[in-house]
Amino acid sequence: MLSNIFKNPKSNISSIEVIPTWYVVWGTLNNMTENVVWRDDQFAIISTLATEQFALSPTKQFVVVGDVWLTNRVKLLQTLGVEPSGFLENNCQLIAQLWEKFGFECLKLLVGMFGLVVWDRQQQILWLGRDRIGSRTLYYTTTGAIRAIAPKMRSLTPYRSAELDLVALRDYLCCAFVPGERTLWQQVKEVRPGTVIEMPSEKVYTYWELQEQIIAADQSLVWHGDRLRSLLDQVVQEYLPQNAPVGVLLSGGLDSSSITALAAKFHHAPVHTYSIHFGAESPNELEFSSLVAEHCQTQHHILEITFKDMWERLPETMAYLDDPIGDPLTVPNLLVGRMARSNVQVILNGEGGDPCFGGPKNQPMLINSLYGSINNQDSLQAYLIAFQKCALDLPQLLKPEVWTAIKTEPSIFSADLNSDASYLNRLMAMNIKFKGADQILTKVNNLTQAAGLHGRSPLFDQRVVDLSMQIPPEYKLSGVEEKAVLKQAVADILPQAIIHRPKSGMMVPVQMGFRKYWQREARKLLLSRKSAIAPYFNQSLIRDWLDYRGDVWGRYGVKLWLLVSLEIWLQVNKK
């Protein structure tokens, strides 16, 4: 049982089973045969699943394997001169034909979510490609006679070392996720959104880049809101399943409520909504989610998640994540997904509203820009502090030799933080590129798949993201008024109480969790000399956090959850 992992230190935490999808190997393959669905001398596809995720191009020159979901299939078929009735069997087959005609430029034509590997049998070139926003993941090893590529990092375990990337560790402690192409393992990298990598040259081509392109700055908020609404109507309709019920994760905030209202407006099959709360001891938003569910006439489901659930299901949740994510919503996301699976196969969410339309988390940085003396180092430090994790604790938290090794390493955020875009759009672009791709969408992808669902994020659609960069910043966040343009876009389909309610965010009660329920287990986990984090961290500081010494701002619970998540993730992924 998973719960025994904490109670019995001799139990093998790394034995938690995660069903792999597919991976490919490239290089000196010798006699590899197990679970091989296709191979030649230097390239093999390994899968325990059906072969619908792989195809050959018509001339057999290109082999395509990937995790692909497209919304513009009809237009792509027309591009190939194929009538929609001449249906190609799967999306990989469609891309194989496009690749044969256009090469990697065909990625610019795809609208949807994908992580792709393409093997050119004639030129002996390998291509790795990822969708523009990062809705799908793709990882690859960087050394060895055999290189491995997979949508799930755990599939690469036999081909990587066990050495941690210390810069990635630093960034995780600051952000609660690992940003950029680094992963927590030294010899594993992630393909970045909007790029394609050519192997063996390791050239990286950017086929799409997030850029500020403000248009119609003289037009009114109503005009921009109407333009956004028109696009949201189109995107949500494309994301709805055909003739089947759909689910929506509904917190009662503006973003998830907007998606719920649009789904209810356009979907003719049942719409199920799902909300969570953490019991009588904790505040909740059920008043607002229930108001939206009633307004939209959905079939509403409420899940109570206990402190016991949070703790006992954490090892399993960490096993499903590629890189560690220290967001306390990981466990709730998995549990509510499993609840939803009994009703639906496709579930929508409201992720993307804050990064794209100016959520309040940008306000500390805007204040810093107005009142702080901004130079490169100051703005970077302010940005890292805005995450409210461990950025200020690093010199005391990390062992001296670890801190010395990474303290002067450049930050992945520096280039974007100092770009020429307007300040708010700079911050939003960073949130989309990094927090979006490396935390939010990765979490959605990993945990909905683990629950047997197809998770879709309409507000993170590439067309919505592009449009958000065209809207004047003052229509996104102006003073204390956040997401004005999104509120304008959906004002006619939501109750005014939702449009005008202040943003609160889903608060997981980890502060109370460590104080009242998890402290003893957390001590055993984090303060053991045999813990996975012991070689890197100063355990005396962690002991102070567990005792809540000096917790003026009530932040120790969040920091402890970050560390517990990391420790368990390292144990789950131990070689």
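Throughout, residue positions are numbered sequentially from 1 according to the sequence presented.
Salt bridge Asp67/Arg130: absent, no basic N to carboxylate O contact under 4.0 Å. Between Arg182 and Asp171, no side-chain nitrogen of the basic residue sits less than 4.0 Å from a carboxylate oxygen of the acidic one, so the salt-bridge criterion is not met. Classification of Arg192 and Glu181 as a salt-bridged pair fails, no side-chain N sitting under 4.0 Å from a carboxylate O. Taking a cutoff of 4.0 Å between a charged side-chain nitrogen and a carboxylate oxygen, Glu521 and Arg523 do not qualify as a salt bridge.
Remark: Arg121 is not positioned above the aromatic ring of Phe43, lacking an NZ or CZ atom under 6.0 angstrom from the ring centre and at most 45 degrees off the axis.
Under a 3.5 Å cut-off, the side chain of Trp518 and the backbone N or O of Phe307 do form a donor-acceptor pair. The main-chain N or O of Lys108 is found under 3.5 Å from a side-chain atom of Arg132 such that the two form a donor-acceptor pair.
Paired with Asp322 under the rule side chain to side chain donor-acceptor pair (under 3.5 Å), one option of Asn445, Asn446, Thr442 passes, and it is Asn446.
Heavy-atom neighbours of Lys575 NZ from other residues, nucleotides or ligands within 6.0 Å: above the threshold of 12.
Looking at heavy atoms from C-beta onward, Leu128 lies in side-chain contact with Met199 at the 4.5 angstrom threshold. For the pair Asn349 and Thr448, the minimum side-chain heavy-atom distance is 4.5 Å or more. Residues Asp309 and Val331 fail the side-chain proximity criterion, which asks for heavy atoms closer than 4.5 Å.
The ring pair (Phe, Tyr, Trp, His ring centres under 6.0 Å) pairs that include a residue from residues 428-456 are Phe413-Phe434, where partners are two or more places apart or lie in different chains.
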